[in-house]
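Owing to the predicted nature of the structure, the values given are computational and were not obtained by experimental measurement.
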Amino acid sequence: ISDWVLRKAIETVEAWRRGPWPQARVAINVSVRQVLDHGFEARLLELIERHALPPQCIELELTENVLQTGRATVEVIHRLRAAGVGIALDDFGTGYSSLASLEHLPLTRVKLDQSLVASIDTNARSLAITRAIAGLCQQLGLEMTAEGIERPEQLALLLPHGSIFLQGYLLCRPVNPADLPARVRELPQ
(Lines give C-alpha, C1' and ligand atoms only; values in the text may rest on other atoms or scores of the structure.)
Protein backbone atom coordinates (compact mmCIF):
# COMPACT_ATOMS: atom_id res chain seq x y z
CA ILE A 1 0.00 0.00 0.00
CA SER A 2 2.84 2.39 0.85
CA ASP A 3 4.39 2.03 -2.60
CA TRP A 4 0.98 2.52 -4.23
CA VAL A 5 0.43 5.77 -2.25
CA LEU A 6 3.88 7.01 -3.24
CA ARG A 7 3.32 6.17 -6.91
CA LYS A 8 -0.18 7.74 -7.01
CA ALA A 9 1.04 10.95 -5.33
CA ILE A 10 3.86 11.29 -7.85
CA GLU A 11 1.56 10.54 -10.80
CA THR A 12 -0.90 13.14 -9.52
CA VAL A 13 1.68 15.90 -9.12
CA GLU A 14 3.02 15.08 -12.58
CA ALA A 15 -0.47 15.51 -14.07
CA TRP A 16 -0.94 18.81 -12.26
CA ARG A 17 2.45 20.16 -13.35
CA ARG A 18 1.96 19.16 -16.99
CA GLY A 19 -1.54 20.61 -16.97
CA PRO A 20 -3.23 23.43 -15.12
CA TRP A 21 -0.85 23.82 -12.15
CA PRO A 22 2.81 23.88 -13.27
CA GLN A 23 4.18 24.90 -9.86
CA ALA A 24 2.37 22.13 -7.91
CA ARG A 25 4.09 20.34 -5.05
CA VAL A 26 2.87 17.35 -3.08
CA ALA A 27 3.52 16.30 0.51
CA ILE A 28 3.48 12.60 1.28
CA ASN A 29 3.22 11.19 4.80
CA VAL A 30 5.89 8.53 5.17
CA SER A 31 6.28 6.19 8.10
CA VAL A 32 9.58 5.37 9.74
CA ARG A 33 8.98 1.79 8.66
CA GLN A 34 8.99 2.92 5.00
CA VAL A 35 12.21 4.87 5.42
CA LEU A 36 13.79 1.82 7.09
CA ASP A 37 12.87 -0.31 4.06
CA HIS A 38 16.12 -1.01 2.24
CA GLY A 39 14.77 -0.06 -1.20
CA PHE A 40 12.66 2.99 -0.29
CA GLU A 41 15.20 5.65 -1.24
CA ALA A 42 15.94 4.07 -4.63
CA ARG A 43 12.24 3.51 -5.41
CA LEU A 44 11.37 7.11 -4.59
CA LEU A 45 14.21 8.60 -6.65
CA GLU A 46 13.42 6.26 -9.55
CA LEU A 47 9.77 7.35 -9.53
CA ILE A 48 10.77 11.01 -9.53
CA GLU A 49 13.14 10.42 -12.44
CA ARG A 50 10.68 8.26 -14.41
CA HIS A 51 8.05 11.00 -14.20
CA ALA A 52 10.61 13.71 -15.04
CA LEU A 53 9.78 15.73 -11.95
CA PRO A 54 12.03 18.15 -10.12
CA PRO A 55 12.72 16.55 -6.73
CA GLN A 56 11.76 19.84 -5.06
CA CYS A 57 8.09 19.22 -5.89
CA ILE A 58 8.07 16.22 -3.54
CA GLU A 59 8.04 16.67 0.22
CA LEU A 60 8.15 13.77 2.67
CA GLU A 61 6.39 14.28 6.00
CA LEU A 62 8.02 12.41 8.87
CA THR A 63 7.46 12.41 12.61
CA GLU A 64 10.27 12.83 15.13
CA ASN A 65 10.44 9.15 15.96
CA VAL A 66 12.65 8.84 12.88
CA LEU A 67 15.51 9.98 15.14
CA GLN A 68 14.94 6.97 17.39
CA THR A 69 15.61 4.46 14.61
CA GLY A 70 19.33 4.94 14.32
CA ARG A 71 21.92 6.64 12.18
CA ALA A 72 21.13 4.71 8.97
CA THR A 73 17.64 6.20 8.75
CA VAL A 74 18.91 9.73 9.30
CA GLU A 75 21.52 9.12 6.58
CA VAL A 76 18.76 8.14 4.12
CA ILE A 77 16.96 11.38 4.95
CA HIS A 78 20.18 13.35 4.40
CA ARG A 79 20.68 11.70 0.99
CA LEU A 80 17.08 12.38 -0.07
CA ARG A 81 17.44 16.00 1.00
CA ALA A 82 20.74 16.27 -0.91
CA ALA A 83 18.88 14.97 -3.98
CA GLY A 84 16.43 17.87 -3.61
CA VAL A 85 13.47 16.14 -1.94
CA GLY A 86 11.80 18.28 0.74
CA ILE A 87 11.68 16.94 4.29
CA ALA A 88 8.95 18.10 6.70
CA LEU A 89 8.82 17.40 10.42
CA ASP A 90 5.16 16.58 11.04
CA ASP A 91 3.22 16.95 14.31
CA PHE A 92 5.78 19.33 15.84
CA GLY A 93 4.73 20.56 19.26
CA THR A 94 3.21 17.30 20.49
CA GLY A 95 4.55 14.55 22.67
CA TYR A 96 8.29 14.84 23.13
CA SER A 97 9.01 17.38 20.40
CA SER A 98 12.63 18.25 20.66
CA LEU A 99 14.53 21.21 19.35
CA ALA A 100 17.34 18.73 18.65
CA SER A 101 15.24 17.46 15.74
CA LEU A 102 15.60 20.87 14.14
CA GLU A 103 19.36 20.56 14.49
CA HIS A 104 19.89 16.95 13.42
CA LEU A 105 17.47 16.51 10.53
CA PRO A 106 17.95 18.21 7.14
CA LEU A 107 14.51 19.79 7.21
CA THR A 108 12.81 22.15 4.80
CA ARG A 109 9.59 22.55 6.82
CA VAL A 110 8.13 22.20 10.30
CA LYS A 111 4.44 21.36 10.57
CA LEU A 112 3.02 22.72 13.80
CA ASP A 113 0.51 20.24 15.17
CA GLN A 114 -3.15 21.24 15.22
CA SER A 115 -3.39 20.53 18.95
CA LEU A 116 -1.28 23.65 19.59
CA VAL A 117 -2.95 25.74 16.89
CA ALA A 118 -6.42 24.83 18.21
CA SER A 119 -6.20 27.25 21.13
CA ILE A 120 -4.15 30.15 19.76
CA ASP A 121 -7.24 32.38 19.77
CA THR A 122 -8.24 31.45 23.33
CA ASN A 123 -4.92 30.83 25.08
CA ALA A 124 -2.18 33.47 25.12
CA ARG A 125 0.43 30.81 25.90
CA SER A 126 -0.44 28.80 22.78
CA LEU A 127 -0.19 31.94 20.67
CA ALA A 128 3.17 32.85 22.23
CA ILE A 129 4.54 29.34 21.61
CA THR A 130 3.30 29.40 18.01
CA ARG A 131 4.92 32.78 17.39
CA ALA A 132 8.17 31.64 19.01
CA ILE A 133 8.31 28.52 16.84
CA ALA A 134 7.56 30.64 13.76
CA GLY A 135 10.42 32.97 14.67
CA LEU A 136 12.78 30.06 15.26
CA CYS A 137 11.85 28.50 11.92
CA GLN A 138 12.46 31.81 10.18
CA GLN A 139 15.89 32.12 11.82
CA LEU A 140 16.76 28.57 10.75
CA GLY A 141 15.56 29.10 7.18
CA LEU A 142 12.72 26.60 7.54
CA GLU A 143 9.21 26.94 6.21
CA MET A 144 6.46 26.45 8.81
CA THR A 145 2.93 25.18 8.32
CA ALA A 146 0.27 25.70 10.98
CA GLU A 147 -2.14 22.77 10.83
CA GLY A 148 -5.79 22.73 11.84
CA ILE A 149 -6.99 26.24 11.05
CA GLU A 150 -10.75 25.97 11.67
CA ARG A 151 -11.87 29.40 12.88
CA PRO A 152 -11.53 32.89 11.40
CA GLU A 153 -10.02 34.07 14.69
CA GLN A 154 -7.13 31.61 14.32
CA LEU A 155 -6.58 32.73 10.75
CA ALA A 156 -6.55 36.40 11.78
CA LEU A 157 -3.82 35.75 14.34
CA LEU A 158 -1.62 33.86 11.86
CA LEU A 159 -2.05 36.00 8.74
CA PRO A 160 0.27 38.80 9.93
CA HIS A 161 3.09 36.22 9.86
CA GLY A 162 3.48 36.09 6.09
CA SER A 163 6.08 33.36 6.42
CA ILE A 164 3.63 30.81 7.88
CA PHE A 165 1.83 28.40 5.57
CA LEU A 166 -1.70 27.56 6.65
CA GLN A 167 -3.66 24.32 6.49
CA GLY A 168 -7.12 23.45 7.75
CA TYR A 169 -10.83 23.05 7.14
CA LEU A 170 -11.44 26.80 7.26
CA LEU A 171 -9.32 27.15 4.13
CA CYS A 172 -10.38 24.02 2.26
CA ARG A 173 -12.04 20.70 2.98
CA PRO A 174 -10.48 17.57 1.43
CA VAL A 175 -10.79 17.70 -2.36
CA ASN A 176 -10.60 15.13 -5.11
CA PRO A 177 -7.14 15.48 -6.72
CA ALA A 178 -8.68 16.09 -10.15
CA ASP A 179 -10.64 19.06 -8.75
CA LEU A 180 -7.78 20.67 -6.85
CA PRO A 181 -6.25 22.87 -9.59
CA ALA A 182 -9.61 24.59 -10.16
CA ARG A 183 -10.03 25.11 -6.40
CA VAL A 184 -6.54 26.62 -6.13
CA ARG A 185 -7.41 29.17 -8.83
CA GLU A 186 -10.52 30.16 -6.82
CA LEU A 187 -8.60 30.90 -3.60
CA PRO A 188 -7.90 34.53 -2.74
CA GLN A 189 -4.26 35.57 -2.82
Quick one, [X] and [Y] - any side-chain contact, counting heavy atoms below 4.5 Å?
{"X": "Arg17", "Y": "Pro54", "result": "yes"}
{"X": "Leu80", "Y": "Phe40", "result": "yes"}
{"X": "Arg183", "Y": "Cys172", "result": "yes"}
{"X": "Asp121", "Y": "Arg151", "result": "yes"}
{"X": "Cys57", "Y": "Val26", "result": "no"}
{"X": "Asn29", "Y": "Thr63", "result": "no"}
{"X": "Arg109", "Y": "Phe165", "result": "yes"}
{"X": "Leu62", "Y": "Val32", "result": "no"}

Distance in Å, [X] [atom1] paired with [Y] [atom2], rounded so as to fall on 0.5 Å steps:
{"X": "Glu11", "Y": "Leu53", "atom1": "CD", "atom2": "CG", "result": "10.5 Å"}
{"X": "Asn65", "Y": "Arg33", "atom1": "CG", "atom2": "CZ", "result": "12.0 Å"}
{"X": "Leu89", "Y": "Leu60", "atom1": "CG", "atom2": "CG", "result": "12.5 Å"}
{"X": "Glu150", "Y": "Leu155", "atom1": "CD", "atom2": "CG", "result": "12.5 Å"}
{"X": "Leu47", "Y": "Ile10", "atom1": "CG", "atom2": "CD1", "result": "4.5 Å"}
{"X": "Asp37", "Y": "Thr73", "atom1": "CG", "atom2": "OG1", "result": "11.0 Å"}

Counting only heavy atoms not in Glu153, do more than 12 sit closer than 6.0 Å to its CD atom?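 Counting other residues, nucleotides and ligands, CD of Glu153 exceeds 12 neighbours.
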
Do Asp91 and Lys111 pass the salt bridge (Lys or Arg N to Asp or Glu O under 4.0 Å) test, and can you show the C-alpha distance, the side-chain angles, and the key distance before you say yes or no? CA-CA 6 Å; Asp91 300 334; Lys111 295 192 76 178; over 6 Å; no

Would you mind telling me which of Thr122, Asn123, Ile129 makes a side-chain contact (heavy atoms from CB on, under 4.5 Å) with Ser126? Asn123

My understanding is that only one of Ile133, Leu116, Asp113, Leu107 makes a side-chain contact (heavy atoms from CB on, under 4.5 Å) with Phe92; could you say which?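 Exactly one pass, corresponding to Ile133.
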
Examine distances only and state if a side-chain atom of Gln154 and a backbone atom of Ala118 form a donor-acceptor pair shorter than 3.5 Å. yes

Main-chain N/O of Gln23 paired with Trp16 side-chain donor or acceptor, under 3.5 Å: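 Not confirmed, Trp16 side chain does not pair with Gln23 backbone.
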
Smallest separation among heavy atoms of [X] and [Y], with atom names:
{"X": "Pro160", "Y": "Ala156", "answer": "CD-O, 3.1 Å"}
{"X": "Pro106", "Y": "Arg81", "answer": "O-CD, 3.2 Å"}
{"X": "Pro152", "Y": "Leu170", "answer": "N-CD2, 3.6 Å"}

How far apart are the C-alpha atoms of Thr12 and Leu180, what are their side-chain angles, what is the distance that settles it, and do they pass the side chain to side chain contact (heavy atoms under 4.5 Å, CB included) test? CA-CA 11 Å; Thr12 300; Leu180 188 58; over 6 Å; no

Run Thr108 and Leu142 through side chain to side chain contact (heavy atoms under 4.5 Å, CB included) and show every step you take. CA-CA 5 Å; Thr108 52; Leu142 300 173; 5.6 Å; no

Under the side chain to side chain contact (heavy atoms under 4.5 Å, CB included) criterion, do Leu136 and Leu99 qualify, and how do the steps go? CA-CA 10 Å; Leu136 180 61; Leu99 296 178; 3.8 Å; yes

Test log, rule side chain to side chain contact (heavy atoms under 4.5 Å, CB included), inputs Leu44 and Val30: CA-CA 11 Å; Leu44 173 62; Val30 177; over 6 Å; no

Between Glu64 and Ser101, is there a side-chain donor-acceptor contact under 3.5 Å, judged purely by atom types and distance? yes

With side-chain hydrogen bond (donor to acceptor under 3.5 Å, both in side chains) as the rule and sequence neighbours excluded, what pairs involving residues 44-53 come up? Glu14-His51, Glu46-Arg50

Between Arg173 and Tyr169, is NZ or CZ placed under 6.0 angstrom from the six-membered ring centre and within 45° of the ring axis?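 Yes, Arg173 and Tyr169 form such a contact.
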
